[in-house]
Protein chains: 4
Amino acid sequence: MTGSTRGPNDPRRRERILDAALDVIAEHGAIKVTFRKIAEAAGVPLGSLTYYFDDMQHLLTDAFTRLAETVSTRYGALLEAARTRQEAGEAVVEIICGKVWGTDRDLLLSYELYAFATRNPEVRAVMRSWMQASRDSLARHFDPLTARALDALVEGFSIHNSFDPRPTDREAVAAVVRAVVDRHH
Amino acid sequence: MTGSTRGPNDPRRRERILDAALDVIAEHGAIKVTFRKIAEAAGVPLGSLTYYFDDMQHLLTDAFTRLAETVSTRYGALLEAARTRQEAGEAVVEIICGKVWGTDRDLLLSYELYAFATRNPEVRAVMRSWMQASRDSLARHFDPLTARALDALVEGFSIHNSFDPRPTDREAVAAVVRAVVDRHH
Amino acid sequence: MTGSTRGPNDPRRRERILDAALDVIAEHGAIKVTFRKIAEAAGVPLGSLTYYFDDMQHLLTDAFTRLAETVSTRYGALLEAARTRQEAGEAVVEIICGKVWGTDRDLLLSYELYAFATRNPEVRAVMRSWMQASRDSLARHFDPLTARALDALVEGFSIHNSFDPRPTDREAVAAVVRAVVDRHH
Amino acid sequence: MTGSTRGPNDPRRRERILDAALDVIAEHGAIKVTFRKIAEAAGVPLGSLTYYFDDMQHLLTDAFTRLAETVSTRYGALLEAARTRQEAGEAVVEIICGKVWGTDRDLLLSYELYAFATRNPEVRAVMRSWMQASRDSLARHFDPLTARALDALVEGFSIHNSFDPRPTDREAVAAVVRAVVDRHH
DNA sequence: AATGAATGAGATTTCATTCAT
DNA sequence: GATGAATGAAATCTCATTCAT
């Protein structure tokens, strides 16, 4: 009996439940999440959900919090790695056009997250931290307004591209980013 | 004999139900929509919901379609009204900072809309028309890429501002818009 | 405007509704009959059902009555046509093995009929007339008990054959019928 | 602590529900079965019906399967008990005229069963086993065709007698059975 | 006479949550 | 600590029937 992945003493179970919840939301939509579906997706007994989480509201809060933190971390890592303005600008383009955030799954989940956060102060706070963190990262290379503008571009282009049958390509996105970055000149 | 509340003469009932559905979503979130809440909000008997709509899925599809069309129309009107590049740029700023779209209600509904559209081809198609229409309006004054960039800015700034305790102010937004608009100079 | 098959002044509409009701029962089972399905099958407006019939109970009563009469007539015609004991015996075999009654549809409907008749004195009376009529026909060639026995054989073999992957064939049935007919010898 | 009416210890509940379902069908007809009536008859909470059975269709399938098995067992027991041709013939008469199967309740249920089985392969299979089993029992004393003929007589006489104000009496039935049994002589 | 839009009553079904073990 | 059988409350949905036209 090695450290099994289930049964009593399963330290990762809580996290697996949250990930499963996000999977279920991604697959069926928050509108159709049920305990049963989450339990099944997580491979845990039904009863353990209400054992770990007081109720669905708390479970979703934690799940969306986890999502925001995960995405924020990935997003931040790319920006932090940039050493120059040039690299920072390229990182922004990469975030928009690459698969950093632009995964269909993550984007879809972010819509659900925004909707949920609007009604949930706790999650809203996490989102704000994320927003602040990404701006701070950008602010190491750009002035505050440019940081905000780039952040807005990431958001807007990502969403529109995901619905667009002919998304704005990397070259074009880069041109817009350059214009915003060089706007004082 | 004014429009009675009963009998076969209530031509606007269908629309009233859809508006009520959006109200309920705005108030409680799509995650908590129920027929009962919608019926109450619309002031119609419960049974009439499934008389007008095959099931909840169809009702929501029609409601979100209506939302997309409404918002698109309002959005488009502002852009169409612009006679010069200058005015078009100001319209973009107005859309971001004014109450055209930025209503908390509409913004919140748009998150739910995006989430719903991701799973619903019919609604997705309406969203694409909307996106195309707003780009076409902008394209009367700007080149295609600038149109896309402005559209992305509207989306991104609106969302971020709605979550931001200290939103980017009108002056700052205008500066960014100018940079994008004048990016060739 | 020739004598159209629908619209006002449609003398056959009542019968078409009853036939449609039987079709619906045959297709979905009495357990799932609805006014809407019947109206659709009959090609008549929904409202005409309750115009012609007080309620579902009455409609079904009339439909099953019609069924019993139809089947009884067809059944009786074959027996009446027989001129000799020999022919009467052959008619019985034909009823069992041919498609006189043994249609899957009619047999299925007869189960529903029996179930319905058990609770409905009016329909039960029709069924009794039918039973009496077929015995009377048989009694022109056979003594009363033989008539009853043949009637029972028709019932029993028809039912069992319909469920039997390898039904009793015509030759075998004929042998049994002969044994019953000739039982005094 | 006897078997309590609540909590996880009610091993016979599933069967009680099925019996209650048959009771309700016998009383009101399959056409009017509802979860509520069954739950009341079984003395269980409404929610437990869909806990034990996916939906009404499954519940009825199981109930009719149970019916077919019960009746088949009782029917079979009488035939198995027969030691001689003579006794087997008497058992057949007893089945027709006695209260083995001829109960109004069981007969009525069998009409509903036949109707249901026609649409339900699972139940149809159970019915076939039953038919086969009773023929096999008879075949221990009679040739295969005689077995089929007796089986048909049981079916036919039982049904007709149940609708007949003056049913065929035991003596008469016995005479017919004898004729079939002795048909080679 | 005939219709079909409309609805209320009730059906099925779902599911978060409880709680005995 | 952990479970899953069980249930009540409420959801969705169906449909016979009514009734204005």
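Labels below follow one simple rule: chain letters A, B, ... track the order of the sequence lines, proteins then strands, and each chain is numbered from 1.
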Would you mind classifying the nucleic acid contact of Tyr52(D) as base, sugar-phosphate or nothing, using non-hydrogen atoms under 4.0 angstrom?
sugar-phosphate
Quick one: does any side-chain atom of Ser72(C) pair with a main-chain N or O of Glu69(C) as donor and acceptor, under 3.5 Å?
no
Arg36(D) side chain to Leu46(D) main-chain N or O, any donor-acceptor pair under 3.5 Å?
no
Arg13(A) vs dT3(F): side-chain N/O to OP1/OP2 distance below 4.0 Å
yes
Is the Tyr114(A) ring parallel, tilted or perpendicular to the Tyr111(B) ring (thresholds 30°, 60°)?
perpendicular
To the nearest Å, how far apart are Ile17(D) CD1 and dT7(F) C1'?
12 Å
Nucleotide by nucleotide, nucleotides 11-17 of chain E touches protein heavy atoms under 4.0 Å in the pattern (B base, S sugar-phosphate only, - none) BBBBSBB
To the nearest Å, give me how far apart CZ (Phe53(A)) and P (dG1(F)) are.
15 Å
More than 12 heavy atoms of other groups within 6.0 Å of Glu40(C) CD:
no
What residue pairs, at least two apart or across chains, pass side-chain hydrogen bond (donor to acceptor under 3.5 Å, both in side chains) with a residue in residues 23-35 of chain C?
Asp23(C)-Arg105(C)
So with a 6.0 Å cut-off around CD of Glu122(B), is the heavy-atom count from everything else above 12?
no
With Watson-Crick and G-U wobble geometry limited to distances under 3.5 Å, how should the secondary structure of DNA chain F be encoded in dot-bracket form, using | for bases paired to another strand and [ ] for crossing pairs?
.||||||||||||||||||||
Roughly how many Å is it from CG in Leu49(B) to P in dT14(F), rounded to a whole number?
13 Å
Nearest whole angstrom, please: distance from the C1' of dG1(F) to the CZ of Arg14(A).
16 Å
Which residue lies more 5' along DNA chain F, comparing Pro45(D) with Ser48(A) via nearest heavy atoms
Ser48(A)
Just checking Arg16(D): does its CZ atom have more than 12 heavy atoms from other residues, nucleotides or ligands closer to it than 6.0 angstrom?
yes
When rounded to the nearest 0.5 angstrom, what is the spacing between CG in Asp106(A) and CG in Leu67(A)?
6.5 Å
